[in-house]
Amino acid sequence: MKHYNYKINGNTYKVGIGDIDNGIAQVEVNGIPYKVELEKTGTPVTVVKTSRPSAAPRTDSGEKIIAKPSVSAGKEAVKAPLPGVVVSIAVKVGDTVKASDTVAILEAMKMENAIHAGRDGNVAAINVNAGDSVLEGTPIITLE
C-alpha cells in the first residue's frame, strides 16, 4: 500500500492506496478502510506505436524490392561491400572524387558504414537512391 499526506481546507489526511481490482480500489483514510469504485470512462485507450522502417521495402505480393543496376563497359563501379539499406548519397553526377572520399552511407545490421570511392575519378552515374535495399556487390556509384 502506498501512503500519501494530503492537506484539504486546513485538515491533514493520511491516505493509503492499495490494490485496484476490477475497478475497485482499497483505500485507507486516517486509518479507516474504504472500498472506492473507480468510474469507468468508456473511452478506449489508444496505444500509439511508431513504425520502424523495414530493412527492405516490399511489393504488394510481399517480395523484397532490391536494386540490381548494371554498369556500362569501360567504367568502374563502387560496389556495396555488404547487404544493407542506402541511407544517403554524398555525391552527384559529374563530381570529381578522390579514392578516400565517402560517396555513400550504407546501413547494415543497425550500423552506418561509409562507402569510399576506392579510386580517383568522375561520377558517371548514381545507380541507387537513398532508402534502396542493396545486396553485396550491387553497384552504388559508377566512376569513369
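Sequence positions, counted from 1, serve as the residue numbers for this chain. Atoms considered below: every heavy atom in the structure, side chains included; atoms not considered: hydrogens, waters and symmetry mates. What you are looking at is a predicted structure, and each value in this text was computed from that prediction instead of being measured.
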Connected via hydrophobic side-chain network under 4.5 Å: Val29 and Ile17: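 Same cluster.
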
Cluster overlap Ile32 with Tyr4, hydrophobic side-chain contacts below 4.5 Å: yes

Contact list for residues 25-36, test side-chain hydrogen bond (donor to acceptor under 3.5 Å, both in side chains), sequence neighbours left out: none

Side-chain donor-acceptor pairs of residues 80-99 under 3.5 Å, sequence neighbours excluded:
from  : atom 1 : to     : atom 2 : distance (Å)
Asp95 : OD2    : Lys92  : N      : 2.9
Thr96 : OG1    : Asn122 : OD1    : 2.8

Straight-line distance of Lys79 NZ to Glu76 CD, nearest 0.5 Å: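 Separation between the atoms: 8.5 Å.
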
Any Asn127 side-chain heavy atom under 4.5 Å of Ile141 side chain: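 When only atoms from C-beta onward are counted, Ile141 and Asn127 do not touch, as no gap falls below 4.5 Å.
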
Flag side-chain contact, heavy atom, 4.5 Å: Lys75 against Leu143: no

Enumerate donor-acceptor pairs with a distance under 3.5 Å from any side-chain N or O in residues 6-15 to protein atoms, sequence neighbours excluded.
none

Side chain to side chain contact (heavy atoms under 4.5 Å, CB included) assessment of Thr142 paired with Val123: CA-CA 6 Å; Thr142 304; Val123 178; over 6 Å; no

Test side chain to side chain contact (heavy atoms under 4.5 Å, CB included) applied to Ala114 - qualifying residues, sequence neighbours left out: Thr102, Ile105, His116

Shortest non-hydrogen contact between Val103 and Ala117, atoms and distance: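 Residues Val103 and Ala117, closest heavy atoms: CG1-CB, 4.0 Å.
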
